[in-house]
Amino acid sequence: MNKDIESILVNESELDALTERLAARIDEDYRDTGRPLVMVCILKGSVMFYVDLIKKIRRPVEMEFMKVSSYGAGTASSGCINLHLDLKRTDYPSLDVILVEDIVDSGRTLSMLTALFRERKVHSIATCTMLDKPSRREVDFAPDYAGLSIPDKFVVGYGLDYNEYYRDLPYVGILKPEVYTNH
Ligand code: PRP
């Protein structure tokens, strides 16, 4: 285990089961729609989860990527989000879209992105997150698909970072407090 990790919160086999479970639910819900299913990876944190998830979905999916940052403490509207990388499509009304995140914290990012895709008049919009921290919520938001609800601990690994480190760990671990309190 990495020396900066206090304990493993979700190990590799648990992550495998979690992605399998979510993929099966998505397959069930989007079977025979006759529409493209677009899975949107919200960079960077969701990369590992996203790749493992879409490999387990049996129906065809399209891959898209977004990079966003939110700002301000305003209400959850698409007006408070910076889009650093966006989809370039003209066929929104024909699409079922699922936004894929590593973690939901305040809820602002997915709340604002959901509003954005509603404005784009997609056929449907849903959200899928590996981890959920409901105790941190600042806006009224609930993901449609959530792998695991976790306590308010500083978690890293499997895409999640602290100062860009630890994203490459194959598990989700709790970071030792001395790592982030000494900086
Ligand atoms: C994290 C995470 C979500 C967002 C969740 O991204 O990946 O996008 O924060 O927080 P919220 O619910 O409070 O909006 P971050 O900005 O750390 O970027 P990264 O994915 O590139 O690490």
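As a basis for the values below, the full set of heavy atoms in this structure was taken, side chains included, without hydrogen atoms, waters or symmetry mates. Both ligands and their constituent atoms are indexed starting at 1 by order of listing.
- Atoms of ligand 1 found under 4.0 Å from any heavy atom of Gly107 (numbered from 1 in listed order, with element): 11 (P), 12 (O), 13 (O).
- One finds a salt bridge joining Arg137 and Asp132 here, because a Lys/Arg side-chain nitrogen approaches an Asp/Glu carboxylate oxygen to under 4.0 Å.
- Taking distance alone, with nitrogen or oxygen atoms compared against 3.5 Å, Val104 stays at or beyond that limit from ligand 1.
- Using 4.0 Å as the threshold, Arg167 has a heavy atom nearer than that to some atom of ligand 1.
- Under the 3.5 Å distance criterion, the side-chain polar atoms of Arg21 are matched with a main-chain donor or acceptor of Gly147.
- Within the listing of ligand 1, atoms 2 (C), 3 (C), 7 (O), 8 (O) sit less than 4.0 angstrom from a heavy atom of Glu101.
- Ion pairing between Glu62 and Arg89 holds under the 4.0 Å rule for side-chain N and carboxylate O.
- Within ligand 1, counting atoms from 1 as listed, the ones closer than 4.0 Å to a heavy atom of Leu43 are 20 (O), 21 (O).
- At a heavy-atom distance under 4.0 Å, no atom of Arg136 approaches ligand 1.
- Annotation for ligand 1: atoms under 4.0 Å from non-hydrogen atoms of Lys44 are 19 (P), 20 (O), 21 (O).
- Interface of Asp161 with ligand 1, defined as ligand atoms under 4.0 Å from a residue heavy atom, comprises 22 (O).
- Residue nearest to atom 7 (O) of ligand 1, selected from Leu99, Asp132, Asp102: Asp102 (by heavy-atom distance).
- A salt bridge does not link Asp27 to Arg59: none of the charged side-chain nitrogens sits closer than 4.0 Å to a carboxylate oxygen.
- For atom 20 (O) of ligand 1, the nearest non-hydrogen atom from the set Gly45, Cys41, Gly159 comes from Gly45.
- Taking the ring pair (Phe, Tyr, Trp, His ring centres under 6.0 Å) definition, one finds that Tyr92 meets it with nothing, sequence neighbours left out.
- With a heavy-atom cut-off of 4.0 Å, Val68 does not touch ligand 1 at all.
- Listed by atom number, the atoms of ligand 1 under 4.0 Å from Ile103 heavy atoms are 2 (C), 3 (C), 5 (C).
- For the 3.5 Å distance criterion, the side chains of Tyr158 and Asp102 fail to qualify, holding no donor opposite an acceptor.
- Side-chain atoms of His123 and Ser94 form no donor-acceptor pair, as typed in the model, at a separation below 3.5 Å.
- No salt bridge links Lys176 with Asp4; every basic N to acidic carboxylate O contact stays at or beyond 4.0 Å.
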